[in-house]
Enquirer: 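Below are the structure tokens for one structure; questions will follow.
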Amino acid sequence: MKKTLFFSFGLCFLCANHSFNLLAQEYKSFDLNKYYTPDIVRNGLSLSGSSNGKLDNQTDESQQGEFNANLNVQLYSYLSTRKLVRSISTTMNLSGNTDSEKTLSTGLNSKSSNFNSRFGFNTNYKLYNPQNKFISLGGALSSWYDSGSSNRTDTLEHSDTGNRKYIGANADLYVGAGIGRIENVTEARQALFLIDVFSKNNILSRDLTYNEIWNLAQEMSRIKNKRFLDSRLHLMSEISHVDSFLTANNLITKPDALYFTNLYDIWLYGDAFQRLSGQSIELRLNPDFDVRSFNSKYDNTIDGVYNYSSENNNFRANYSFSLLYQYEKVINQEWQKSANASININLINLNNEQTYSNNNINKMSTKEDIASLSGAYSSGYYPNTRTNIDANINQVLSSSFYNTRTRNGVIETNDQRSLISDTYLEVGTYYYFSPQLRLSASANISNHYFTNDITNSTLQQNRLIGNYSIGLSYSFF
């Protein structure tokens, strides 16, 4: 009887253990590299502003006032389908302030005002065919205008005034063609975290199939990209949506406190580390134009007659030709590796003109060609929702191989070929051993090498920098 009982118990234990191992193996076999996000559309428009001021009036002594205000507008639109990935964003910022002060005992009055404006527009398009060949185009447009003035007068009507204006615009455009696609598989990894914790706590009523895991990840991707104006309502909607999916598919044994606490925990922390998959190579042309002007004028008759004015105008054109490569690989559910490389050629033209109050004019134009090669490799370990170990290395080589400068009509040719090398290595971790014990640590080392002439090595510089930090936290009770 006892032998039969022990045999039955052992058989049940082996069956249960075998079933759990099959379940874990099935979830481990889910290939994150084959996952892709569903069609996503997201739009948003936000407006914010603020103002503050101050008034300080002391009888027979001084009067002081201050006023500040700013306005911010942000518009964005994001679309992701199998044929098109598009993003559009627009930002505008306006701010200004005024100050005034009057000192009765000395008779000095001063006023100043400043106004600042910024406008930015950014768009990116990628059009794909069924073979993941793509055409990319887009860029960024920005402009800015800053102005300021100040005025100080005394009882003899002497004045000290200053005015300045700074205006500029930039157009950074690109067009390219390539093959390949990088997919964000973070939600799929989060879905596996959720299934794993449900399995360990006997919350699942049955095993999920490959398609059910896929569909759960797709639902999680869709709900995250819905627009909500209140983060609290957004979280409630997300949890309700995932709960409805799990309940409708009869995957939950009992929707009790254990179920919801685990659901909330994985939803809040399961996507803390981004996971990517895929590779792409692209040939890109990138023209970049920048124009800016700065004007200032200063008149002072309080401390003696003094006048000064200047005007500085700059125009820069940079034509960049690049070959870009990106590689992302999910080794397994815990390990990730990434690599990227680029070859760039930049043709730069710079024109500068400075005009001073004595009518002196200084003109300078520069032409420079720069070739650069960069590469990076990183590896990450993400065993759970709170622990990560990351290591990466980055190397950049650049050389200026032609440089001609014209200063006030005189040509200055520089045949020197400079070389710059930057190497960077970094390792970091946040290791969650237990609710009591946690470790955070990071270390990096960088090396900068420069020579202004490869052939003669007339000027060389080599700089090595290292940093580290480590922290350990333990809670006794």
Side-chain angles (χ1 to χ4, degrees), residues 42-77 88-123 140-172 227-235 290-314 357:
R42 187 169 187 178
N43 302 293
L45 174 63
S46 61
L47 172 69
S48 63
S50 65
S51 176
N52 62 80
K54 180 179 73 173
L55 176 63
D56 186 356
N57 190 343
Q58 299 184 45
T59 306
D60 298 331
E61 281 294 331
S62 65
Q63 297 176 356
Q64 183 178 1
E66 181 181 345
F67 173 77
N68 301 277
N70 70 79
L71 175 67
N72 295 280
V73 180
Q74 290 185 330
L75 169 67
Y76 69 91
S77 175
I88 300 173
S89 63
T90 302
T91 60
M92 183 179 69
N93 176 266
L94 303 175
S95 63
N97 65 78
T98 62
D99 290 285
S100 64
E101 185 175 1
K102 182 177 181 180
T103 305
L104 301 179
S105 58
T106 61
L108 285 176
N109 297 325
S110 64
K111 293 181 180 180
S112 66
S113 63
N114 294 280
F115 176 76
N116 304 286
S117 66
R118 297 287 186 276
F119 173 79
F121 175 78
N122 187 290
T123 183
L141 303 175
S142 61
S143 65
W144 55 93
Y145 175 80
D146 299 337
S147 65
S149 64
S150 61
N151 182 45
R152 187 166 61 104
T153 61
D154 61 11
T155 54
L156 299 178
E157 298 184 353
H158 294 161
S159 65
D160 176 9
T161 62
N163 295 278
R164 61 171 181 81
K165 289 183 180 179
Y166 178 43
I167 185 171
N170 178 266
D172 187 1
R227 173 66 169 161
F228 280 84
L229 302 180
D230 189 316
S231 59
R232 180 180 58 88
L233 296 177
H234 193 186
L235 177 61
D290 187 276
V291 58
R292 55 189 66 195
S293 176
F294 181 77
N295 302 282
S296 64
K297 185 177 181 181
Y298 185 68
D299 297 312
N300 187 347
T301 59
I302 293 182
D303 305 314
V305 179
Y306 177 77
N307 301 309
Y308 174 81
S309 65
S310 68
E311 181 177 349
N312 192 327
N313 298 308
N314 287 281
S357 52

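All values below were derived from every heavy atom in this structure, side-chain atoms included, with hydrogens, water molecules and symmetry-related copies excluded. From a predicted model like this one, the values you see are computed outputs, not experimental measurements.
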Enquirer: Checking side-chain hydrogen bond (donor to acceptor under 3.5 Å, both in side chains) for the pair Gln74/Asn72: CA distance, chi angles, key distance, verdict?
Expert: CA-CA 7 Å; Gln74 290 185 330; Asn72 295 280; over 6 Å; no
Enquirer: Quick one: does Ile88's side chain get under 4.5 Å of Phe121's, heavy atoms only?
Expert: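 Yes, at least one pair of side-chain atoms sits under 4.5 Å.
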Enquirer: Go through the structure and list residues passing salt bridge (Lys or Arg N to Asp or Glu O under 4.0 Å) with Arg42, not counting sequence neighbours.
Expert: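 Listed in chain order: nothing, the list is empty.
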Enquirer: Would you say that Asn93 contacts Ser95 through its side chain, given a criterion of any heavy-atom pair below 4.5 Å between the two side chains?
Expert: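 Contact flag for Asn93/Ser95 side chains = yes.
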Enquirer: Would you say that Asn313 contacts Val291 through its side chain, given a criterion of any heavy-atom pair below 4.5 Å between the two side chains?
Expert: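 Answer no - side chains too far apart.
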Enquirer: Let me confirm one number: the CD-CG distance from Glu311 to Asn295, rounded to the nearest 0.5 Å.
Expert: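 Spacing of CD (Glu311) from CG (Asn295) equals 4.5 Å.
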Enquirer: Are Asn114 and Arg164 side-chain neighbours, meaning at least one heavy-atom pair lies under 4.5 Å?
Expert: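 Side-chain contact under 4.5 Å: yes.
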Enquirer: With Val73 as reference, evaluate Thr91, Leu94, Leu45 under the side chain to side chain contact (heavy atoms under 4.5 Å, CB included) test and give the passing residue.
Expert: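 Answer after filtering Thr91, Leu94, Leu45: Leu45.
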Enquirer: Indicate whether any N or O donor in one side chain lies under 3.5 Å from an N or O acceptor in the other, for Asn43 and Ser77.
Expert: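 Result is yes, a qualifying pair exists.
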Enquirer: Find the distance between OG (Ser48) and CG (Asn70) and round it off to the nearest 0.5 Å.
Expert: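 Atom-to-atom, Ser48:OG and Asn70:CG are 7.0 Å apart.
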Enquirer: Would you say Asn312 and Asn314 are linked by a side-chain donor-acceptor pair, where the criterion is simply a distance under 3.5 Å?
Expert: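 Indeed, the side chains of Asn314 and Asn312 share at least one donor-acceptor pair under 3.5 Å.
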Enquirer: Out of curiosity, Leu75 CG to Thr90 OG1, how far, rounded to the nearest 0.5 Å?
Expert: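 So the CG of Leu75 and the OG1 of Thr90 are separated by 5.0 Å.
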Enquirer: Do Lys165 and Phe294 make a side-chain contact, defined as non-hydrogen atoms from C-beta onward lying under 4.5 Å apart?
Expert: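 Side chain of Lys165 against side chain of Phe294, heavy atoms only: no contact under 4.5 Å found.
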Enquirer: Who are the salt bridge (Lys or Arg N to Asp or Glu O under 4.0 Å) partners of Asp99, not counting sequence neighbours?
Expert: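 Per chain and number, Asp99 pairs via salt bridge (Lys or Arg N to Asp or Glu O under 4.0 Å) with no residue.
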Enquirer: Applying side-chain contact (heavy atoms from CB on, under 4.5 Å) to Ser50 and Asn52, what does each step give before you reach the verdict?
Expert: CA-CA 7 Å; Ser50 65; Asn52 62 80; 5.6 Å; no
Enquirer: Check salt bridge (Lys or Arg N to Asp or Glu O under 4.0 Å) between Arg118 and all other residues, then give those that pass, not counting sequence neighbours.
Expert: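 With sequence neighbours excluded, Arg118 shows a salt bridge (Lys or Arg N to Asp or Glu O under 4.0 Å) to Asp146, given in chain and number order.
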Enquirer: Under the 3.5 angstrom rule, does the side chain of Ser51 hit a backbone N or O of Asn68 as a donor-acceptor pair?
Expert: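 Here the side-chain-to-backbone pair exists.
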Enquirer: I need the Met92 CE to Ser117 OG distance, nearest 0.5 Å.
Expert: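 Met92 atom CE to Ser117 atom OG measures 9.5 Å (nearest 0.5 Å).
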Enquirer: Does any non-hydrogen side-chain atom of Trp144 lie less than 4.5 Å from one of Asn170?
Expert: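 In contact.
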Enquirer: With the side chain counted from C-beta on, respond yes when Tyr145 and Phe119 share a heavy-atom pair under 4.5 Å apart, and no when they do not.
Expert: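 No - every pair of side-chain heavy atoms lies 4.5 Å or more apart.
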